[in-house]
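Since this is a predicted model, take the numbers as computed values, not measurements. A, B, ... follow the sequence lines: proteins, then strands. Residue 1 opens every chain.
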Number of protein chains: 2
Amino acid sequence: MVLPDNIPADMEREINEKGGLESITLKIPSRELLNRIAKIHQALSDVIRLKIMFFLYEQRACVCLLRQITSLAYSKLSYHLKILRDIGLITYEKSGNYAIYSLTDFGKFCIENCIAASGDYRGEE
Amino acid sequence: MVLPDNIPADMEREINEKGGLESITLKIPSRELLNRIAKIHQALSDVIRLKIMFFLYEQRACVCLLRQITSLAYSKLSYHLKILRDIGLITYEKSGNYAIYSLTDFGKFCIENCIAASGDYRGEE
DNA sequence: CAAGTATTTCAAATTATCTTAAAACATCTT
DNA sequence: AAGATGTTTTAAGATAATTTGAAATACTTG
């Protein structure tokens with residue numbers, strides 16, 4: 001990979017000090033990993049799903065309880081639960097009629113990151 | 001907020017031990033904050049934008065350099081840069097003709113979270 | 001100020017995500 | 001087995017995000 005014809009001199013110097021473009025781009029995660037990171041963020045990019053995640057961070061819950069918390073129809077809720085489930089943020093166990101949902105360890109980790117970041121989430125839009 | 005008519009007994013006990021549904025739901029971030037968190041995740045839910053973020057984590061860059069790294073048309077690149085800029089993940093300074101982009105502190109924080117999580121990003125889909 | 005380079009904006013076309021209501025499944029109760 | 005309850009699936013339409021290419025802006029240099 002070659003540098004563009006004319007780029008600012010100080011930037012070019014920085015890049016060369018780091019061993020050139022190649023060695024910088026080597027540090028970028030693989031397309032596969034970027035894809036996975038993208039999908040996880042996608043799963044957490046919806047207010048409904050975040051509300052579910054934050055609730056489950058405090059308390060495991062059957063779907064009927066989540067229905068009450070969110071005021072959503074079952075089918076809609078189920079759609080969002082599936083997205084969180086498929087990406088590995090939540091899991092569930094059956095208990096009679098009920099499906100009892102809870103966060104996976106990875107789900108907890110993500111919500112804790114959100115909480116840690118919340119101080120920095122001041123809107124600058 | 002009242003509990004649904006029939007929920008599993010052990011779940012009901014857990015909820016009561018935490019002071020009931022109200023005190024649990026009080027811990028969920030406000031709709032405003034959830035909205036902001038959702039938008040940030042949305043901004044990071046695209047492979048192109050993640051690639052830009054990870055590159056800028058290593059090295060500030062003008063748009064023409066990012067164009068080379070990503071092999072995108074300027075207009076498309078500019079669209080994605082705007083999304084990252086608007087949410088406060090990246091910033092830029094003009095230097096002559098060039099716009100030199102770099103991560104904000106918050107952007108760095110987010111990418112560091114991604115890196116920390118990468119160990120856990122094993123696909124279970 | 002005209003021409004060149006770097007970057008952004010715009011609107012139309014495309015694609016992805018979300019919502020809705022109806023139907024299907026699973027488990028429990030009688 | 002039939003009815004009730006809890007949950008998921010499906011397919012259609014509605015909404016939102018992305019892509020594309022052309023035109024616009026901004027700065028620089030001769």
Side-chain angles (χ1 to χ4, degrees), chain A residues 3-12 34-35 38-52 56 60-87 90-102 125, chain B residues 3-12 34-35 38-52 56 60-87 89-102:
Chain A
L3 284 172
D5 277 352
N6 291 304
I7 66 174
D10 47 350
M11 235 183 62
E12 185 163 7
L34 288 181
N35 223 301
K39 279 184 184 162
I40 290 159
H41 281 101
Q42 158 64 22
L44 293 171
S45 72
D46 181 284
V47 172
I48 290 174
R49 294 195 289 268
L50 283 173
K51 193 168 185 181
I52 294 168
L56 292 179
R60 69 201 178 113
C62 56
V63 183
C64 55
L65 179 52
L66 292 173
R67 211 203 102 277
Q68 184 131 79
I69 303 300
T70 58
S71 317
L72 295 176
Y74 273 112
S75 65
K76 193 167 173 177
L77 192 45
S78 207
Y79 165 80
H80 289 291
L81 289 174
K82 181 168 168 43
I83 288 173
L84 295 171
R85 221 187 314 123
D86 284 353
I87 204 76
I90 65 178
T91 185
Y92 73 102
E93 48 184 41
K94 288 302 284 287
S95 161
N97 261 341
Y98 299 87
I100 311 236
Y101 278 88
S102 56
E125 297 165 72
Chain B
L3 283 173
D5 278 352
N6 292 303
I7 66 171
D10 48 349
M11 234 183 62
E12 185 163 7
L34 288 182
N35 223 301
K39 279 185 185 162
I40 289 159
H41 281 102
Q42 158 64 22
L44 293 171
S45 71
D46 182 284
V47 173
I48 291 172
R49 293 194 291 266
L50 283 173
K51 191 166 186 184
I52 294 169
L56 291 178
R60 70 200 177 114
C62 56
V63 182
C64 55
L65 180 51
L66 292 173
R67 211 204 100 278
Q68 183 131 80
I69 303 299
T70 58
S71 315
L72 296 176
Y74 272 113
S75 65
K76 192 167 174 179
L77 191 46
S78 206
Y79 165 80
H80 289 290
L81 289 173
K82 181 169 169 44
I83 288 174
L84 295 171
R85 221 186 315 124
D86 284 352
I87 205 76
L89 288 164
I90 66 177
T91 185
Y92 72 102
E93 48 184 41
K94 289 302 284 285
S95 160
N97 262 341
Y98 300 88
I100 310 236
Y101 278 88
S102 55

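- The heavy-atom pair separating A/N6 from B/Y98 by the smallest distance is O-OH, 2.6 Å.
- Computed from coordinates, the A/K39 NZ to C/dA16 P distance equals 12 Å when rounded to whole Å.
- B/I7 comes within contact range of no nucleotide atom at all, as no heavy-atom separation falls under 4.0 Å.
- Between the P atom of C/dT8 and the CG atom of B/D86 lies a distance of 12 Å, rounded to the nearest Å.
- Rounded to whole angstrom, the span from the CG atom of A/N6 across to the C1' atom of D/dT29 amounts to 13 Å.
- Regarding B/L72, its CG atom lies at a distance of 9 Å from the P atom of D/dT20, rounded to whole Å.
- Atom OH of A/Y74 sits in a crowded spot, with more than 12 heavy atoms from other residues, nucleotides or ligands closer than 6.0 Å.
- Contact annotation: the side chain of A/I83 never approaches that of A/I87 to less than 4.5 Å [non-hydrogen atoms, C-beta and beyond].
- One N or O donor and one acceptor, one from the side chain of A/N97 and one from the base of D/dT5, sit under 3.5 Å apart.
- For A/K76, the listed nucleotide lying nearest its side chain is C/dT20; candidates were C/dT20, C/dT9, C/dT27.
- Between D/dT18 and B/R49, a contact under 4.0 Å exists linking OP1 or OP2 to a side-chain N or O.
- Residues A/R49 and A/I90 are not in side-chain contact: their nearest non-hydrogen atoms beyond the backbone lie 4.5 Å or more apart.
- Taking atom CD of A/Q68 as the reference point, atom P of D/dG6 lies 12 Å away to the nearest angstrom.
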field: Trace of the side chain to side chain contact (heavy atoms under 4.5 Å, CB included) decision for B/L89 with B/L44
entry: CA-CA 9 Å; B/L89 288 164; B/L44 293 171; 3.9 Å; yes
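- Between A/G96 and A/Y79, the residue anchored closer to the 5' end of DNA chain C is A/Y79, taking for each the nucleotide with the nearest heavy atom.
- Going from atom CG of B/D46 over to atom P of D/dA16 covers 19 Å, rounded to whole Å.
- Within 4.0 Å of B/Y74, counting heavy atoms only, lies at least one base atom of the nucleic acid.
- Across the interface with DNA chain C, nearest-nucleotide mapping of B/L65 and A/I83 shows B/L65 to be the residue nearer the 5′ end.
- The separation between A/H41 atom NE2 and D/dA17 atom P is 17 Å, rounded to whole Å.
- For A/S75, the side-chain atoms get nearest to C/dA22 when compared with the rest of D/dG6, D/dT19, C/dA22.
- Of the candidate nucleotides C/dT7, D/dT8, C/dT8, D/dT8 has the atom lying nearest to any side-chain atom of A/S78.
- In this structure, the CG atom of A/L77 is 11 Å from the P atom of C/dT19, given to the nearest Å.
- Of the side-chain N and O atoms in A/Y92, none sit less than 4.0 angstrom from OP1 or OP2 of D/dT8.
- For B/H80, no side-chain nitrogen or oxygen approaches OP1 or OP2 of D/dA17 to under 4.0 Å.
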